[in-house]
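Protein chains get the first letters and strands the later ones, always in sequence-line order, with residue 1 at the start of each.
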Number of protein chains: 2
Amino acid sequence: MALTQEQRQMIVRHPLFSHFKAQAQEELLADALVRDYDTQALIQRQDDPAERFYLVQSGKVKLYRISADGKEKVVEIITAGNTFAEAIMFMQKSVFPVCAEALEPVKLIGFSNRLMLRHLEQNPQTCLHLLGHMSVRLHQRLDELEHLTLQNATQRLALYLVSQVRDRAGDSAEIELILPKSLIAARLSIKPETFSRAIANLRERGLIDSRARQISIPSIRNLLDEFAGGQQHTEHKASIIASDSL
Amino acid sequence: MALTQEQRQMIVRHPLFSHFKAQAQEELLADALVRDYDTQALIQRQDDPAERFYLVQSGKVKLYRISADGKEKVVEIITAGNTFAEAIMFMQKSVFPVCAEALEPVKLIGFSNRLMLRHLEQNPQTCLHLLGHMSVRLHQRLDELEHLTLQNATQRLALYLVSQVRDRAGDSAEIELILPKSLIAARLSIKPETFSRAIANLRERGLIDSRARQISIPSIRNLLDEFAGGQQHTEHKASIIASDSL
DNA sequence: CGGTCGGTTGATAATAGTCAACCTCTGTGG
DNA sequence: CCACAGAGGTTGACTATTATCAACCGACCG
C-alpha cells in the first residue's frame with residue numbers, strides 16, 4: 001500500500017520533512033503507515049507505548065487527558081495538515097501522555113520515531129526547525145496557563161472568538177464555529193452550561209451577535225477592551241523554557 | 001572579567017554545553033556575561049527583547065507573567081545550576097514572554113543566543129538533547145494544565161508536597177519548604193489564605209503534620225490515595241507536541 | 001516598644017459546577 | 001405527513017469552591 005501522490009506532496013511540504021535530503025525523505029516515506037479511523041474511534045490511549053508520530057491527512061483529532069478520577073481535559077484539537085506526538089520521540093520513556101480520539105472520519109500517516117531520530121542526527125537544520133516548533137508550542141501552553149488562572153470563563157471565550165477571526169482587516173468580523181459548542185467549551189476548560197451563559201452574557205452586552213454557530217462581532221476592539229485590554233491587543237508572542245520545576 | 005574556575009566547571013558540566021567540542025565551549029565561555037542582582041531586582045521585563053539566555057549560578061529566580069489587568073501568575077522558580085530563557089532563541093520574534101525577578105541575591109551567567117545557535121547548527125547531538133529537555137518541559141506544562149483544571153487547591157497542594165519529598169525510600173517523609181508559603185501558593189495558583197486553609201485541612205485529617213515550614217507526612221500513600229489515586233502513584237512521564245492550536 | 005512581615009482565621013461574595021427541565025432541530029419509521 | 005426519539009444547546013435553581021476583605025497573631029528587628 002504505497003502512498004498516493006497527494007499524500008507524498010502533503011508530507012514532503014510539511015516543515016518537519018521539507019528540509020531533509022531527497023534520500024532521507026524517501027526512507028521516511030517508505031516507512032510511513034496510513035491508518036483510518038471512524039468517528040469516535042480511540043486512536044491511542046494515554047500511557048500506551050509510542051513508536052510513531054502522526055500527520056493528520058484529513059479529519060480532526062481530539063487530544064485529551066484523563067485524570068485518575070475519570071475527568072477529561074481536552075488539550076488540543078489537531079486538524080488536517082498538522083502533526084501530533086512528535087515531541088515524544090525525544091524522551092527516554094516513550095509513552096503517549098494523552099489519549100487521541102477521532103472527531104470525524106480520520107486518515108493518519110504515521111512515521112517511525114526511530115527512523116526520524118536517525119535522520120535528525122544528521123540534519124541540524126530540521127532539528128532547529130523542530131526546536132522552533134516546540135518553542136512556539138511551549139509558549140502557547142504558557143498562554144493557556146495564564147488564561148486559565150488569570151481570566152474567567154467569559155474572558156477566555158472572548159479571546160477564543162477573536163482567535164477564530166480569519167480576516168483581521170476591519171474591526172468587525174463574522175465567524176463560524178468549526179466545532180460543536182460543547183467541544184469548544186471543553187477546550188476552554190468550562191462546562192457547556194457555562195459556555196452557553198457566557199455567550200448569552202456577551203450577546204446581552206451587545207459585544208457579539210449569534211445565530212447558532214454563526215457569530216458576528218461588531219467591534220473586535222470593544223470585545224477585547226471589555227477585559228482590561230485582553231493581552232494588550234493581540235500582541236506578545238514568544239516562549240520560554242526553564243530547566244527546573246519548583 | 002574572566003570566569004572563575006568554579007563558574008567554568010558549572011557551565012561545562014551543564015547538559016546544554018557538555019556535548020560541545022572544546023573549541024565551541026571556549027567561544028561560548030569567552031562570550032559569557034556575569035551579572036549580579038539584589039533581592040527583588042527585576043532581571044527582565046515581559047516583552048523585552050531577548051538576546052541571551054541565562055544560567056543561574058546562585059540564588060533563586062522567579063519567572064512570572066503579568067496580565068493586562070495587573071494580575072501576576074508565577075510560572076516557575078529557577079534554582080542554582082539551571083538555565084532559563086533557552087527556548088526563546090528559536091523563535092523569530094525574540095522577546096521575553098515572562099518577567100524575571102531575583103528572590104534573593106542572584107548571580108547569572110548569560111550566553112549569546114546568536115552564538116549558541118551558530119554552534120547548535122553544527123552539533124545535532126546537543127540539538128537532540130535540547131529537544132529532549134523541551135519535551136520534558138512541555139510535558140510538565142501539560143501536567144500543570146491538568147492539575148489546574150482537574151484538581152482542586154487541596155489536591156494540588158498534596159501533589160506539591162509529595163513532589164518535594166527527596167528520599168522516597170519509605171512511605172513516610174519529612175520535608176522542609178524551601179520557599180515562603182505565599183510563593184508556593186502563587187506557584188500553585190491559589191491565594192495564601194486558601195493555601196493556609198488547605199494545609200489546615202490536611203492536618204485535621206491526619207494526612208500531614210506541620211510546624212512552620214517543617215512538614216511531616218506519615219504516609220505518602222494515604223496522602224495520594226485521598227485524591228482518587230492522584231496520578232496513579234507518581235507514574236506517567238512523557239510529553240506531546242502538536243502542530244495546531246484549536 | 002512599636003512596626004512590619006508572614007501567616008492564620010473568620011465572614012462574605014463571586015464564579016463556576018451540578019442537576020434537572022426544556023427546547024429545537026433533524027432524521028426515522030409508522 | 002406526522003409523531004417521536006435523540007443530540008446539541010439553553011435556562012433555572014442550587015451548591016461547591018475559591019477569592020476577597022478584614023481582623024488578628026507571633027516572631028523578628030531596629
Would you tabulate the pairs of protein nitrogen or oxygen atoms and nucleotide nitrogen or oxygen atoms of nucleotides 11-13 of chain D closer than 3.5 angstrom?
from: dG12(D); atom 1: N7; to: Arg197(A); atom 2: NH1; distance (Å): 3.0
from: dG12(D); atom 1: O6; to: Arg197(A); atom 2: NH2; distance (Å): 3.2
from: dA13(D); atom 1: N6; to: Arg197(A); atom 2: NH2; distance (Å): 3.4

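At least one side-chain nitrogen or oxygen of Lys181(B) sits closer than 4.0 Å to the OP1 or OP2 atom of dT8(C).
Closest contact between the side chain of Arg213(A) and the listed nucleotides dA16(C), dG9(D), dG7(C) involves dG9(D). If you check dG9(D), dG17(C), dT18(D) against the side chain of Ala153(B), the one that comes closest is dT18(D).
Note: CG (Leu177(B)) to P (dG6(C)) measures 15 Å, nearest angstrom. Atom CD of Glu72(A) is separated from atom P of dG17(C) by 14 Å (rounded to the nearest Å). If you measure from atom CG of Leu188(A) to atom C1' of dA16(C), you get 14 Å, rounded to the nearest angstrom. Following rounding to the nearest Å, Asn152(B) (CG) and dA16(C) (P) show an atom-to-atom distance of 17 Å. Rounded to an integer number of Å, the gap from CZ of Phe195(A) to P of dG17(C) is 13 Å. Distance, Lys191(A) NZ to dG9(D) P: 15 Å, rounded to whole Å. Distance CD (Gln40(A)) to C1' (dG8(D)): 14 Å, rounded to an integer number of Å. Put simply, CG on Leu183(B) is 14 Å from C1' on dG7(C), counting in whole angstrom units.
Looking at heavy-atom distances under 4.0 Å, Thr154(A) makes no contact with the nucleic acid at all.
Annotation: Arg13(B), atom CZ; neighbour count of heavy atoms from other residues, nucleotides and ligands within 6.0 Å does not exceed 12.
No option in Phe84(A), Tyr54(A), Phe53(A) other than Phe53(A) meets the ring-ring contact (aromatic ring centres under 6.0 Å, His included) test with Phe111(A).
For Ser58(B), the side chain to side chain contact (heavy atoms under 4.5 Å, CB included) partners at least two apart in sequence or on another chain are Lys107(B).
At least one side-chain heavy atom of Leu183(B) sits under 4.5 Å from a side-chain heavy atom of Leu103(B). At a threshold of 4.5 Å between non-hydrogen side-chain atoms, the residues Arg205(B) and Thr154(B) count as touching.
The pair Arg141(B)-Glu76(B) meets the salt-bridge criterion, with a side-chain N (NZ, NE, NH1 or NH2) lying under 4.0 Å from an Asp/Glu carboxylate O. Between Asp209(A) and Arg211(A), at least one side-chain nitrogen of the basic residue sits less than 4.0 Å from a carboxylate oxygen of the acidic one, meeting the salt-bridge criterion.
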